[in-house]
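Worksheet for the structure shown next.
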2 protein chains.
Amino acid sequence: MYYKESHTLILNNIERFIDLTKLEKQKYLSLLTEIKVKKKAFLMQANDVTKYEYFITKGCLKVYTLDEDGAQHISMFAVEGYWTGDMASFMTKEPTRYFIKATEHSELLGISRTNYHLLFQEIPKFEKFYRILYQRSLISYIQRSNHGMSLTAEERYIEFKKKYPKIVNRITQKDLAGYIGITPEFMSKIISKVNRM
Amino acid sequence: MYYKESHTLILNNIERFIDLTKLEKQKYLSLLTEIKVKKKAFLMQANDVTKYEYFITKGCLKVYTLDEDGAQHISMFAVEGYWTGDMASFMTKEPTRYFIKATEHSELLGISRTNYHLLFQEIPKFEKFYRILYQRSLISYIQRSNHGMSLTAEERYIEFKKKYPKIVNRITQKDLAGYIGITPEFMSKIISKVNRM
DNA sequence: GAAAAAAAATGAACTAGTTTAAGACTTTTA
DNA sequence: TAAAAGTCTTAAACTAGTTCATTTTTTTTC
């Protein structure tokens, strides 16, 4: 039995934490929707009520909010193998404050709210999968929220490069600045300084 | 059937997300350990391998890391009704980088690593409980990590007061500075400025 | 309840990061 | 493939936040 590449990718991701029978895999895959997003297109915009949670099988997207001055505060870059979306809006049906924009042509698998809840009824061990997935994300966000408030911008940049060496080369300096939490001008200074060292 | 106050508190917390039978409640409570921590005593110190995850039934604790200069970077204040610990160390058995210190005489219920895993075998619906608990924590940490890098210290202070009005009065200004991510001196200036407004 | 220790306030000199502006370089689009 | 739009660099003037030092106030301890 062969799966297409995107399906292999998502099943491998899930089988890090739980085992699935062939039948369960089929059932699971049947609950997903394939989505393509062209470069510069939006997967989500502020005030949307988001209907899906997403798994990226190809490409790169940035998740961000806009402040009054129009500056982008980027909360994550999502590439192949990452999960993304706005969980708050997904769960509560409240409109989102986030934008999700493809920075490359991207392909995703989405699970709708209905199917997300159905999934737990049909294959209860997905509770375990999500329990562990959220637990791990939580660990890294706790760290990020601390570092954001205690490290200098230069230290955060060096850490980002170490933690996500593959992502650095796929995004613009401007977007990286939006993630690190500084202006593009200061990002430019930091990079030239760090490269000189 | 009556439960003691601390047991009522933790059961109510759990029953926000799942229903439990009397038997399940008894089973669950039997897996917990009661812990008391005197003011200024440590529940956890860097390099410990943490054996428990905690639920606070009384008191207040601060969770923090120390930097090279000895400054405390506080990641949370845990009061009655909150869950705390170091999930990374709890899960992986790696030594923690965190300190958890009681800022008031505190009482907690702890679940050991063994019992945590046993719990999922004995009462599988706890997977759901933790799935939702982690999901909600994740939502608020994502927000905090963004705000930490995009709001000014004054904005973060105002937001903290709005979000945790009861906690503000229980902690020192110095500790609040460690949470906001600034020096105690600048915290003092912000507070006097905001009060003047 | 006096002495000691810790927290809070204030101010002056400093540094990390912002703003504004302008020119060079790169990518996108027609 | 030329023009337009966006990105990157540099620099000068500025502001948010730090550091260090001192005094006052509050809390802890014996």
Item to check | Chi angles and distances behind the ring-ring contact (aromatic ring centres under 6.0 Å, His included) call for A/Y130, A/F120 | outcome: CA-CA 10 Å; A/Y130 278 106; A/F120 296 126; 5.7 Å; yes
Item to check | Proximity to the side chain of A/K40 - top-ranked nucleotide from C/dT19, C/dT28, C/dG17 | outcome: C/dT28
Checklist entry - Any luck finding a side-chain donor-acceptor pair between A/Q72 and A/K62 under 3.5 Å? => result yes
Next on the checklist: Side chain of A/K174 only, heavy atoms from C-beta on: which candidate in D/dC20, D/dT9, D/dC8 is closest?
Outcome noted: D/dC8
Checklist outcome for this item: Here the distance between atom P of C/dA16 and atom CE of A/M187, to the nearest Å, is 15 Å
Next on the checklist: Main chain of A/V37, side chain of A/E107: is a donor-acceptor contact present, judged purely on distance under 3.5 Å?
Outcome noted: no
Checklist outcome for this item: Whole-Å distance, B/N169 CG to D/dT26 C1', equals 16 Å
Checklist entry - Given atom NZ of A/K189 and atom P of D/dT9, what is their separation to the nearest angstrom? => result 12 Å
Checklist outcome for this item: Of the listed C/dA16, C/dT20, D/dT9, the closest approach to the A/F186 side chain comes from C/dA16
Checklist entry - In whole Å, what is the span from the CD1 atom of A/I191 to the P atom of D/dT7? => result 14 Å
Item to check | Atom-pair distance (NZ on A/K38; P on C/dT29), nearest Å | outcome: 11 Å
Item to check | Charged N-O contact under 4.0 Å between A/E80 and A/K166 | outcome: no
Checklist entry - Between D/dT18 atom P and B/D67 atom CG, what is the distance in whole Å? => result 12 Å
Item to check | Nearest to side-chain heavy atoms of B/E185, which nucleotide of C/dT28, C/dG11, C/dT18 | outcome: C/dG11
Checklist outcome for this item: When A/R156 and B/T172 are each assigned the nearest nucleotide of DNA chain C, the 5'-most assignment goes to B/T172
